[in-house]
Structures are given as C-alpha cells and as structure tokens.
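One structure, pasted below without further comment.
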Amino acid sequence: MRIVIVGGVAGGMSCAARARRLDETAEILVLERGAHVSFANCGLPYFVGGEIEDAASLLVQTPELLRASLNLDVRTGHDVVGVDAGAQFVVVRTAAGEERIGYDALVLAPGARAARPDIPGLDSPRVRTLRSVEDAVHLRAHVEAGVRRAVVLGAGFIGVEAAEALALQGVETTLVEFADHVLPPVDAEYGWMIADELRRLGVDVRTGVSAEAVVAGDDADVITLSDGAEVIADLIVLSVGVRPDTAVFEAAGVACERGAMIVDEHGRTSLPKVWAVGDAVLSQDPVTGIRRPVLLAGPANRAGRLVADAIIRPDRARPIPQPLGTAVVRVGELTVAVTGANREALSRSGIDFRTISLHPNQHAGYFPGAAPIHLNVHFREGDGRILGAQACGRDGVDKRIDILATAIRAGMAVADLIDLDLAYAPPYGQAKDPVNLAGMLGANVLDGTLRLWAAQDLARVRETSLILDVRSDAEVAEGMIPDALHIPHTQLRGRVGEVRLAAAGRPVRVMCASGVRSAIAHRILDQSGFDSASLSGGMTTLRAVLADRADQVLIAPASPHDV
C-alpha cells in the first residue's frame with residue numbers, strides 16, 4: 001500500500017508515524033510544501049521573545065531522522081497543485097518541475113494560511129505573519145537589529161503571544177483588535193484582565209478598532225486605524241485569523257464548507273480513498289453544534305492517529321471525537337485557559353444556560369504564594385450538564401481547565417464536580433479544590449439554595465432593587481455602587497430591620513468581594529422572607545465586567561458614616 005500524506009507538522013506527521021507503526025510494509029510518502037515537515041508552531045512566539053534561544057530547537061524532526069526511525073519518505077519543497085481522484089494521483093510541483101505521484105490512500109493535511117484582509121498598503125515589506133520558522137527567524141532578526149516600534153494586528157492567541165514576545169524584547173508594541181476585548185474566545189471580563197496585564201508589560205492595547213490603511217515610509221510605516229488614530233511602526237505583525245488552505249483540493253472535488261473540508265467520523269472526505277485532518281477540516285462543536293475548523297495541535301495530532309487507524313485497520317478504528325477547543329495561553333504573569341463553549345457562543349446557539357463565577361485560591365491560603373483563580377463555569381439549565389469553562393490566574397489554571405475539559409467530555413453535570421477526588425497538599429491545592437467549589441456552587445444554584453444576579457445586569461438591578469454591600473468598611477472605602485446599603489455580613493442578622501426599611505418592598509441584591517459572604521447573607525435574607533440574590537463573582541467580577549468604566553461607576557463613600 002502506498003499512503004501519500006500532503007502536509008506535515010501535527011496532523012500529517014502523526015498520521016504517518018501511526019501508519020508506520022501499524023504497517024511495516026506500507027510505502028509512506030509525506031509531501032511538504034515548506035522547508036520543515038515537523039516544527040513547533042506553538043513555540044514560535046517564544047523564539048521571537050528570546051526565551052527559546054536557538055531556532056533549531058523548533059525543529060521537532062527532520063526528513064533524515066524520520067527516514068531512519070520510521071522509514072518515512074519525507075519530501076520537503078513539494079507543493080501539491082492538483083489531485084486526480086479517479087486515477088488516484090497527485091500533481092506535485094518542485095524546483096525540478098512537476099511530477100505525478102500515485103496513491104492507494106491520500107491524506108490531506110494542508111493546514112491554513114494567514115488571512116490577509118483587503119487593507120491598502122498591507123503588501124509593505126514591514127508586514128509579516130507568524131506562521132512558520134522562517135517568519136519567527138525574520139521577526140527575531142528585526143528585533144535584534146533594533147526595531148523600536150511594532151504593531152500587532154489581531155489579538156487572538158497568536159497575536160497576544162506575539163505582542164507579549166515583542167514587549168519582552170523591549171519593543172514599543174501596540175496591539176489592535178476589532179472585537180471589544182482581546183482574546184475574543186474568552187468571556188469579556190477575562191479579556192479585560194488580560195488587557196490589564198498586557199498594559200503592565202508595556203503593550204498599548206487598542207480594542208474595538210481595526211486597521212484601515214498602511215502607508216509605507218522610508219524609515220517606518222504609518223497605520224491608520226478606524227477611529228482616526230495613527231500608529232507608527234518599524235514592524236507590523238499580521239495576525240487577524242487564518243483560512244483553510246484548500247483551494248487545490250476543493251477544485252479537485254473535495255466537498256467543503258466555507259473553505260473547510262467536510263469529513264465523516266473517520267476523517268473521510270467526499271472523494272474515495274481520500275482523508276483529511278487538521279486546521280483545514282470542518283469540525284462540529286459538541287456543545288453548540290456550530291461547524292468550524294479547530295486550529296489546535298492536540299486535536300490535529302489525535303485525528304491524524306485515528307485516520308491512520310481508519311486506513312490500515314478500518315474494522316477497529318475509533319471515530320474522531322469532536323474537539324472541545326481546549327486552549328491555554330500565557331500572558332505576562334497570567335495564564336488564561338478555555339474549554340467548551342463561551343458565553344457568547346451559548347447565547348447565539350439559543351441554549352438555556354447558567355453561569356457561575358468564583359475566585360478561590362489555587363492552593364491553601366495559609367501556604368505562601370496563594371493567589372486567586374478567576375473561574376467561570378457554564379452549565380445547562382435543568383440538568384446542569386457542563387457546557388464550558390474559562391479560567392485566569394497566576395498559577396493552577398491549566399490544571400483546573402484540564403479537569404473541566406475531562407468533565408465535559410464525560411458528559412458530567414456541574415454537581416458531579418463535588419465528588420471528584422482531586423490531589424491535595426497545601427502547595428498544590430485546597431481540601432475543597434476550586435473545581436469542587438464550582439460543583440458546590442452550581443448545585444446550590446440548580447436546587448434553589450442560592451439565587452444569583454449577574455454583573456452584566458447592574459444597570460437594571462440599580463433601577464429595580466436595593467443593592468446590599470456586605471463587605472468590610474475598609475473594602476467599601478475603596479469603591480462601592482452608588483445608593484447601595486452597606487452592612488458588613490457579620491452584622492446582618494442584627495440589622496435585618498434596616499434592610500427591610502431600605503428595601504421598601506423591593507428585591508434585595510447582595511454583593512461582596514467574590515461571592516462567598518454575599519451567599520451567606522443571601523441565605524439569611526431568603527429565610528427572612530426577602531426576594532434576595534447574590535452577585536455572582538462579587539466585586540471582583542463586577543470590576544472586570546465594568547473594565548475601564550469601573551472608576552466612573554463606583555464611588556468612594558463621602559465619610560465614614562456612609563460606610
């Protein structure tokens with residue numbers, strides 16, 4: 001059997017390696033357009049930032065090593081420009097000309113190309129992407145040559161990492177994002193936290209704007225933004241998204257949707273003997289049903305392995321699971337991670353869901369270095385099935401999101417998190433791990449023990465309800481919601497009458513710093529006959545939702561009497 005694989009890196013190379021392990025007699029060819037068949041895409045920003053010193057470290061495997069270890073025929077500089085599915089051959093363009101290569105099984109792993117929006121001047125030589133080793137080497141060389149000002153267009157994962165890398169190298173960096181917050185896949189309140197950390201690193205963050213033109217100059221380019229502002233740059237990194245690199249294969253008859261190849265549960269395309277994996281393949285979100293490519297190395301690696309199974313031993317091949325899109329990124333001293341659906345995707349899909357926000361420490365508070373993990377968990381109304389989660393913090397974030405990704409894959413409900421038996425020692429966690437606490441909080445919401453109100457509803461709540469702030473005097477002195485009543489939670493049982501008088505029949509909406517004390521206050525008020533609810537995530541979440549408006553909305557009490 002001759003297996004021809006178009007494209008290497010994650011999906012293509014994992015398919016080739018698995019196929020060899022299953023069949024020592026197969027002839028396996030990997031055709032790669034570029035110079036490197038197996039390199040660390042995810043390490044590119046860290047090379048630009050100087051944390052990875054040697055570009056050779058980014059090369060995971062070479063054709064020579066792959067031939068020696070796995071007997072793979074890896075051919076770089078081979079660009080597949082045509083497919084004849086009827087005759088079962090591909091047309092390959094090389095420096096020596098074109099040739100035809102026949103196949104018994106064809107696997108397409110072409111990946112994606114950087115999107116290039118129709119912006120005048122984007123062909124400036126100062127504009128670069130960050131998709132290949134060559135891109136990273138070019139950017140690093142410019143930085144070391146004395147680039148002083150850079151603009152990164154697009155604040156997705158790669159854009160944020162590129163901005164961080166350039167800032168760490170001392171480059172004056174501006175990050176431009178069309179959406180209203182950086183890292184659009186995360187919930188908006190975490191976007192604010194990330195932007196705040198980027199600003200601490202020295203990055204000038206511009207959201208809600210886009211580049212409208214690039215004007216090349218002798219010494220620098222000028223980028224005109226949609227709000228009329230102009231930014232000067234010696235270097236421009238384009239990171240506004242990608243497009244599946246599938247034109248050749250769509251022309252050959254592979255069924256596509258918005259450019260992404262449609263495959264079945266075993267990776268088969270619409271053409272016989274042709275499979276596809278990786279960034280150019282359409283996936284269906286297991287939570288929302290949304291159809292989109294998933295641009296992550298983990299799912300591509302796993303899909304490549306399963307496609308090899310489908311080719312070599314189809315009777316035992318497992319179906320390719322629908323990827324959740326679990327991802328993690330470092331931004332300065334913060335780690336941000338996501339899994340499953342975010343709030344926006346759930347809302348667009350019409351799914352009836354609830355969100356809980358909590359801010360527990362990553363390990364025991366009495367052990368040095370304790371710091372909060374800001375955690376959102378989305379779950380379905382009714383049965384509590386977990387739909388998505390997001391976290392942000394300085395430590396322990398990846399662990400909790402990986403647990404929650406596993407819970408989503410297992411179809412667990414939020415209350416099931418209470419029973420997870422997680423490792424505990426003071427340097428690593430708490431006896432009630434943040435994941436366990438999320439389960440307890442979610443269970444209380446579902447069974448009615450706890451009612452929540454959301455920071456996003458502040459304006460409406462202020463019009464219809466009494467807001468009761470149960471934080472300490474010192475906390476309230478740093479800022480509170482106008483017209484809120486302040487009673488520390490330790491005094492509430494003896495001052496319920498004051499609440500009843502101030503509420504005058506209105507609902508009472510309680511708040512504290514993170515939601516713990518306000519939940520206690522809610523139980524007191526609820527059992528005293530009030531229409532009560534606790535602010536999910538407390539002031540910590542409220543400030544993140546208000547973002548740059550927080551200082552305008554929140555006030556400092558005029559005198560000690562007011563607190």
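Because the structure is predicted, anything quoted here is derived from the model rather than measured.
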(request) State, yes or no, whether a side-chain contact exists between L58 and F47 at a heavy-atom distance under 4.5 Å. (result)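 Result yes, sub-4.5 Å side-chain heavy-atom pair found.
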
(request) Return yes when atom CG of D421 has more than 12 non-hydrogen atoms of other residues, nucleotides or ligands closer than 6.0 Å, and no otherwise. (result)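 No, the 6.0 Å shell around CG holds no more than 12 heavy atoms from other groups.
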
(request) Please assess E475 against S472 for the test side-chain hydrogen bond (donor to acceptor under 3.5 Å, both in side chains), listing each intermediate value before the final yes or no. (result) CA-CA 5 Å; E475 290 171 295; S472 68; 3.0 Å; yes

(request) Mind checking the CD1-CG spacing from I524 to L492? Nearest 0.5 Å is all I need. (result)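 I524 CD1 to L492 CG: 4.5 Å, rounded to 0.5 Å.
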
(request) Measure across P434 and I373 and return the closest heavy-atom pair with its distance rounded to 0.1 Å. (result)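 It is CG-CD1, 4.4 Å.
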
(request) Using a 4.5 Å cut-off on heavy atoms from C-beta on, say whether the side chain of V377 contacts that of T355. (result)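 When only atoms from C-beta onward are counted, V377 and T355 do not touch, as no gap falls below 4.5 Å.
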
(request) Supply the atom-to-atom distance D285 CG to L346 CG, rounded to the nearest 0.5 angstrom. (result)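 Nearest 0.5 Å value for the CG-CG distance: 8.5 Å.
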
(message) Tell me whether E463 is salt-bridged to R460, with the criterion being a basic N under 4.0 Å from an acidic carboxylate O.
(response)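 Here E463 does not pair with R460 in a salt bridge, since their nearest N and O are not under 4.0 Å apart.
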
(request) Mind checking side-chain hydrogen bond (donor to acceptor under 3.5 Å, both in side chains) for R302 and listing every partner two or more places apart, or none if nothing turns up? (result)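 With sequence neighbours excluded, R302 shows a side-chain hydrogen bond (donor to acceptor under 3.5 Å, both in side chains) to no residue whatsoever.
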
(message) Are the side chains of V461 and L535 in contact, using a 4.5 Å heavy-atom criterion?
(response)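 No. Closest side-chain heavy atoms not under 4.5 Å.
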
(message) Just so I know, are the side chains of R509 and L468 near enough to count as touching, which here means a heavy-atom distance under 4.5 Å?
(response)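 Not in contact.
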
(message) Can you list everything that forms a salt bridge (Lys or Arg N to Asp or Glu O under 4.0 Å) with R394? Sequence neighbours excluded, please.
(response)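 In terms of salt bridge (Lys or Arg N to Asp or Glu O under 4.0 Å), with neighbours along the sequence ignored, R394 is linked to E333.
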
(message) Is the shortest side-chain heavy-atom distance between V160 and I158 below 4.5 Å?
(response)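 With C-beta onward as the side chain, the pair stays apart.
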
(message) Once rounded to the nearest 0.5 Å, what's the spacing between atom CZ of R493 and atom CD1 of I487?
(response)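 So the CZ of R493 and the CD1 of I487 are separated by 13.0 Å.
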
(request) Run the salt-bridge test on E177 and R206 with the 4.0 Å N-O cut-off and return the result as yes or no. (result)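 Looking at E177 and R206, the cut-off is not met.
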
(request) Go through the steps to decide whether D526 and S532 satisfy the test side-chain hydrogen bond (donor to acceptor under 3.5 Å, both in side chains), and finish with yes or no. (result) CA-CA 6 Å; D526 181 73; S532 170; over 6 Å; no

(message) Let's go through E172 and R149 carefully: what are the C-alpha distance in whole Å and the side-chain angles of both, what is the deciding distance for salt bridge (charged side-chain N to carboxylate O under 4.0 Å, His left out) to 0.1 Å, and is it a yes or a no?
(response) CA-CA 5 Å; E172 182 183 321; R149 299 160 297 188; over 6 Å; no

(request) Check whether any side-chain heavy atom of V294 lies under 4.5 Å from a side-chain heavy atom of D279, and answer yes or no. (result)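 No, every pair of side-chain atoms sits at 4.5 Å or beyond.
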
(request) Tell me, yes or no, whether the heavy-atom count around R318 atom CZ, taken from other residues, nucleotides or ligands under 6.0 Å, exceeds 12. (result)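 Not more than 12 within 6.0 Å, no.
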
(request) Look at R330 together with E51 and state whether they make a salt bridge at an N to O cut-off of under 4.0 Å. (result)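 Here R330 pairs with E51 in a salt bridge, since their nearest N and O are under 4.0 Å apart.
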
(request) Output the distance between atom CG (L466) and atom CG (L501), rounded to the nearest 0.5 Å. (result)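 The CG atom of L466 sits 10.0 Å away from the CG atom of L501.
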
(message) Between the side chains of D416 and R385, is the shortest nitrogen-to-carboxylate-oxygen separation below 4.0 Å, so that they form an ion pair?
(response)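 Answer for the salt bridge query: no.
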
(message) Looking at I290, is its backbone amide N or carbonyl O close enough to the side chain of T288 to form a donor-acceptor pair, meaning the two atoms are under 3.5 Å apart?
(response)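 Yes, T288 side chain to I290 backbone: donor-acceptor pair under 3.5 Å.
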
(request) Look only at the side chain of Q284 and the backbone of R291, and say whether a donor-acceptor pair between them is shorter than 3.5 Å. (result)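 Not at all, since once roles are kept as given, no pair shorter than 3.5 Å links the two residues.
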
(request) Please indicate whether I232 has more than 12 foreign heavy atoms, meaning atoms of other residues, nucleotides or ligands, lying under 6.0 Å from its CD1. (result)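 Open.
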
(request) Show your reasoning for whether side-chain hydrogen bond (donor to acceptor under 3.5 Å, both in side chains) applies to Q390 and N376. (result) CA-CA 5 Å; Q390 315 214 332; N376 275 1; 5.5 Å; no

(request) Test I481 against R462 for side chain to side chain contact (heavy atoms under 4.5 Å, CB included), laying out the working first. (result) CA-CA 9 Å; I481 296 170; R462 287 185 64 189; 3.9 Å; yes

(request) State plainly whether the residues D204 and R199 are in salt-bridge range, i.e. N to O under 4.0 Å. (result)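 Answer for the salt bridge query: no.
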
(message) Taking the basic N atoms (NZ, or NE/NH1/NH2) and the acidic carboxylate oxygens, is any pair closer than 4.0 Å for D469 and R471?
(response)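 Yes.
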
(message) Run F379 and L446 through side chain to side chain contact (heavy atoms under 4.5 Å, CB included) and show every step you take.
(response) CA-CA 10 Å; F379 53 91; L446 284 174; 3.7 Å; yes

(request) Locate the shortest heavy-atom distance separating F178 from S210; write the atom from each residue and the value. (result)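 Closest approach of F178 to S210: CD1-CB, 3.8 Å.
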
(message) Test your reading of the model: is there a side-chain donor-acceptor pair from R400 to the backbone of G396, 3.5 Å cut-off?
(response)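 It does hold such a pair.
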
(message) Testing the basics here: between T207 and D180, what is the closest heavy-atom pair and its distance to 0.1 Å?
(response)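 Between these two residues, the closest heavy atoms are OG1-O, 3.7 Å.
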
(request) Compare all side-chain heavy atoms of V186 with those of N342 and state whether any distance is below 4.5 angstrom. (result)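 A side-chain contact under 4.5 Å is absent here.
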
(request) State plainly whether the residues R380 and D352 are in salt-bridge range, i.e. N to O under 4.0 Å. (result)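 D352 and R380: not salt-bridged.
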
(request) Check for a donor-acceptor pair, side chain of R451 on one end and backbone N or O of H522 on the other, with a separation under 3.5 Å. (result)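 The answer is no, because no donor-acceptor pair under 3.5 Å joins these two groups.
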
(request) Examine distances only and state if a side-chain atom of Y428 and a backbone atom of A364 form a donor-acceptor pair shorter than 3.5 Å. (result)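 Absent.
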
(request) Search all heavy atoms of P360 against all heavy atoms of L437 and return the closest pair with its distance. (result)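 Shortest heavy-atom contact: CB-CD1, 3.8 Å.
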
(request) Of all the heavy-atom pairs spanning I418 and M440, show the shortest one and how long it is. (result)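 Between these two residues, the closest heavy atoms are CG1-N, 3.5 Å.
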
(message) Donor-acceptor pair, distance only, cut-off 3.5 Å: does the side chain of N361 make one with the backbone of A370?
(response)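 Here the side-chain-to-backbone pair does not exist.
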
(message) Any side-chain to backbone donor/acceptor pair from Q169 onto V48? Under 3.5 Å, distance only.
(response)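 It does hold such a pair.
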
(message) Once ring-ring contact (aromatic ring centres under 6.0 Å, His included) is applied, what residue pairs with a partner in residues 325-366 remain, sequence neighbours excluded?
(response)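 Checked against ring-ring contact (aromatic ring centres under 6.0 Å, His included) - neighbours excluded - the pairs reaching residues 325-366 are F353-H378, H359-H374, H363-F367.
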
(message) Determine whether a donor-acceptor pair (N or O, by modelled atom type, separation under 3.5 Å) exists between the side chain of T540 and the backbone of S514.
(response)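 Flag not set: sc T540 to bb S514 has no pair under 3.5 Å.
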
(message) Looking at W453 and M511, would you say the former's side chain and the latter's main chain have a donor-acceptor pair under 3.5 Å?
(response)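 No.
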
(request) Please answer whether the main-chain N or O of S357 pairs with a side-chain N or O of S536 as donor and acceptor at a distance below 3.5 Å. (result)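 Yes, the answer is positive, given that a donor and an acceptor are paired below the 3.5 Å cut-off.
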
(request) Look up atom CZ in R128 and atom CG in D135, then write down how far apart they are to the nearest 0.5 Å. (result)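 With rounding to 0.5 Å, CZ (R128) is 5.0 Å from CG (D135).
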
(message) If the test is side chain to side chain donor-acceptor pair (under 3.5 Å), which one of H181, R543, R343 qualifies with E189?
(response)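 Of all the options given, the one that passes is R343.
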
(request) Check the pair N436, L417 against side chain to side chain contact (heavy atoms under 4.5 Å, CB included), reporting the backbone distance first and the verdict last. (result) CA-CA 5 Å; N436 300 131; L417 300 176; 5.7 Å; no

(request) Give the intermediate values and the outcome of salt bridge (charged side-chain N to carboxylate O under 4.0 Å, His left out) for residues E53 and R140. (result) CA-CA 10 Å; E53 296 183 357; R140 173 80 168 266; over 6 Å; no

(request) Considering only NZ, NE, NH1 and NH2 on the basic side and carboxylate oxygens on the acidic side, decide whether K399 and D402 come within less than 4.0 Å. (result)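 No, this pair does not count.
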
(message) Using every non-hydrogen atom in the two residues, find where A162 and V237 come nearest and quote the distance to one decimal.
(response)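 Taking A162 first and V237 second, the nearest heavy atoms are CB-CG1, 4.4 Å.
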
(message) So L225 and V231, do their side chains get closer than 4.5 Å, heavy atoms only?
(response)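 Yes, at least one pair of side-chain atoms sits under 4.5 Å.
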
(request) To the nearest 0.5 Å, tell me how far E161 CD sits from E164 CD. (result)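 It comes to 7.5 Å.
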
